[in-house]
There are 2 protein chains.
Amino acid sequence: MRMSNGVEWALHSCVTLSQTQEPVPAARLAELHGTPPAYTAKHLQALSRAGIVHSTAGQIGGYTLTRPASEISALEVVRAIDGDEPAYRCAEIRQRGPLGIPAEQCARPCAIARAMAAAQDAWSLALAHISVADLAAAIDADSDGTAMADVRRWLTTARE
Amino acid sequence: MRMSNGVEWALHSCVTLSQTQEPVPAARLAELHGTPPAYTAKHLQALSRAGIVHSTAGQIGGYTLTRPASEISALEVVRAIDGDEPAYRCAEIRQRGPLGIPAEQCARPCAIARAMAAAQDAWSLALAHISVADLAAAIDADSDGTAMADVRRWLTTARE
DNA sequence: ACAACTCGGACATCGCATGTCCGTGATGAG
DNA sequence: CTCATCACGGACATGCGATGTCCGAGTTGT
């Protein structure tokens, strides 16, 4: 079980975008994070499709958050990048083999699938309770309150 | 984020093995579940390495559980097949780019990594509380108490 | 002692994630 | 109003890991 690597970049990008009101181009975010520009842009497009960020074209274009950072959960970002299908996909083994159960008796998911789904729900719930604003605040606290200020400064100075 | 498909087969195999004391060959389990024999054997080897099942060679060989099914958690089985490394692997983005933080200030994991780890812990905890015996009982209940009896009968008659 | 049956690890193959590119459209300047 | 510049958006290669398969080593019963 492995999560897409782009989830990390997307979360960092959202945290960065939460520090400004002006559009930030994908190339700028890639430079700040030290990630491949084209690939970073690809993930931002996924965020755009999911309605988490808004894209502005043109010379002063870029990406902005569509909502306050406190109203964007980490779960939304993860789902936008990694897809919303569950990690465990039941292949309906119970219907196969010499003791296969007819499909009409399989209205409910298999007990194993139910257990895995419950685990996934617990995982989702944990992420749903964390917002982008929470992450930004935690990162700021880790750096004694300088990290986000540095980001804001860098975003403005780089634009000059 | 996608879990290995073999997890399902391994869990079903453990449930089946919980219904008998005698060794069951990998080929027999594959036949019962309608899965590729060689690949099924591969996953059983992983369970063997993890100490969940015990293998017996020779003519009447096969696999048996090493412990009572009530003492084997679904989490153990999942980890044995899918690996025990976390789904989210932090690439330490905070150390990169123009605002990179020196490594000596990164003793604690990044706030984002901590959030993802907490979600993974919730997921693990949910699976740790479910035993193979629980799964067998739930599957039996779904079929009005006939499924496990059918499995036991099939295991003995097929051996004749 | 033999033969049959078992597990165990080493070897191909496929799909998806990763990474990259150019076309399209919009914006600001002249 | 026209044009040049810039940014997004989707379509195109590539690499690695999961999937799937095979044969050899070891053990047991005959």
Side-chain angles (χ1 to χ4, degrees), chain A residues 1-10 13 17 22-31 33-66 78 80-83 85 87-89 91 93 158-159, chain B residues 1-10 13 17 22-31 33-66 78-83 85 87-89 91 93 158-160:
Chain A
M1 187 174 58
R2 179 176 165 186
M3 184 175 303
S4 168
N5 206 349
V7 170
E8 183 175 7
W9 308 348
S13 294
L17 288 177
E22 299 176 19
V24 181
R28 207 61 55 90
L29 288 170
E31 180 189 359
H33 297 146
T35 53
Y39 200 29
T40 305
K42 184 186 183 74
H43 290 309
L44 287 168
Q45 290 167 25
L47 292 181
S48 177
R49 270 191 295 261
I52 295 172
V53 300
H54 174 68
S55 64
T56 309
Q59 278 185 325
I60 61 163
Y63 290 97
T64 55
L65 295 181
T66 58
V78 171
I81 302 298
D82 208 61
E85 64 184 42
Y88 181 87
R89 292 141 300 124
I93 277 184
R159 178 166 288 275
Chain B
M1 188 173 59
R2 180 177 163 184
M3 182 175 303
S4 168
N5 205 347
V7 169
E8 182 175 6
W9 309 349
S13 294
L17 288 176
E22 300 176 19
V24 181
R28 206 62 54 90
L29 287 170
E31 180 189 0
H33 297 145
T35 54
Y39 200 29
T40 305
K42 184 187 184 72
H43 290 307
L44 286 168
Q45 289 166 27
L47 293 180
S48 177
R49 270 190 296 259
I52 295 172
V53 301
H54 173 70
S55 64
T56 309
Q59 278 186 324
I60 61 163
Y63 290 98
T64 55
L65 296 180
T66 58
V78 171
R79 285 221 176 125
I81 302 298
D82 208 61
E85 66 185 41
Y88 181 87
R89 291 141 301 123
I93 277 184
R159 179 166 286 277
E160 296 298 327

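First the proteins, then the strands, lettered A, B, ... as listed; each starts at 1.
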| said: For the CD atom of A:E8 and the OG atom of A:S13, what is their distance to the nearest 0.5 Å? | reply: 10.5 Å
| query | Going from CZ on A:R89 to CZ on B:R2, what distance comes out if it is rounded to the nearest 0.5 angstrom? | reply | 4.0 Å
Which donor-acceptor pairs under 3.5 Å do the side chains of residues 38-48 of chain B make with protein atoms, sequence neighbours left out?
residue : atom : partner : partner atom : Å
B:T40   : OG1  : B:T35   : OG1          : 2.7
B:T40   : OG1  : B:P36   : O            : 2.7

| query | Hey, is the main chain of B:M3 close enough, under 3.5 Å, to the side chain of B:D82 for a donor-acceptor pair? | reply | no
| task | Calculate the interatomic distance between B:Q45 atom CD and D:dT19 atom P; express it in whole Å. | result | 15 Å
| Want to know the stems of DNA chain D: at least 3 consecutive Watson-Crick or G-U pairs with distances under 3.5 Å, which are they? | C:1-30 with D:1-30
| query | Does B:A27 have any side-chain contact (heavy atoms from CB on, under 4.5 Å) partners at least two apart in sequence or in another chain, and if so, which? | reply | none
| For the pair made of CG in A:L17 and P in D:dC8, what is the distance, rounded to whole Å? | 11 Å
| message | Keeping A:T66 on the side-chain end and A:I52 on the backbone end, is there a donor-acceptor pair under 3.5 Å? | response | yes
| Closest contact, heavy atoms only, B:A50 versus B:A80 | CB-CB, 3.5 Å
| What is the distance from CZ of B:R49 to P of C:dG8, rounded to the nearest Å? | 8 Å
| note | Value for CE (B:M1) from CE (A:M1), rounded to nearest 0.5 Å, stands at 6.0 Å
| note | Separation of D:dT28 atom C1' from B:E22 atom CD, nearest Å, is 16 Å
Protein-nucleic acid N or O pairs under 3.5 Å, nucleotides 22-30 of chain C:
residue : atom : partner : partner atom : Å
C:dG28  : O4'  : A:Q59   : OE1          : 3.1

| field | Between CH2 on residue A:W9 and CG on residue A:L29, distance to nearest 0.5 Å | value | 12.5 Å
| Are A:S48 and D:dC8 close enough that a side-chain N or O sits under 4.0 Å from OP1 or OP2? | no
| said: For A:Y63 and A:V24: C-alpha separation, side-chain torsions, deciding distance, then whether side-chain contact (heavy atoms from CB on, under 4.5 Å) applies. | reply: CA-CA 5 Å; A:Y63 290 97; A:V24 181; 5.7 Å; no
| query | Who pairs with A:T64 by side-chain contact (heavy atoms from CB on, under 4.5 Å), at least two apart in sequence or on another chain? | reply | A:P23, A:H54
Distances for protein N or O near nucleotides 10-19 of chain C N or O, under 3.5 Å:
residue : atom : partner : partner atom : Å
C:dT18  : OP1  : A:N5    : N            : 2.9
C:dT18  : OP2  : A:S4    : OG           : 2.7
C:dT18  : OP2  : A:Y39   : OH           : 3.2
C:dT18  : O5'  : A:Y39   : OH           : 3.1

| task | Select one nucleotide: of D:dG10, D:dC8, C:dC7, the one nearest the side-chain heavy atoms of A:A26. | result | D:dC8
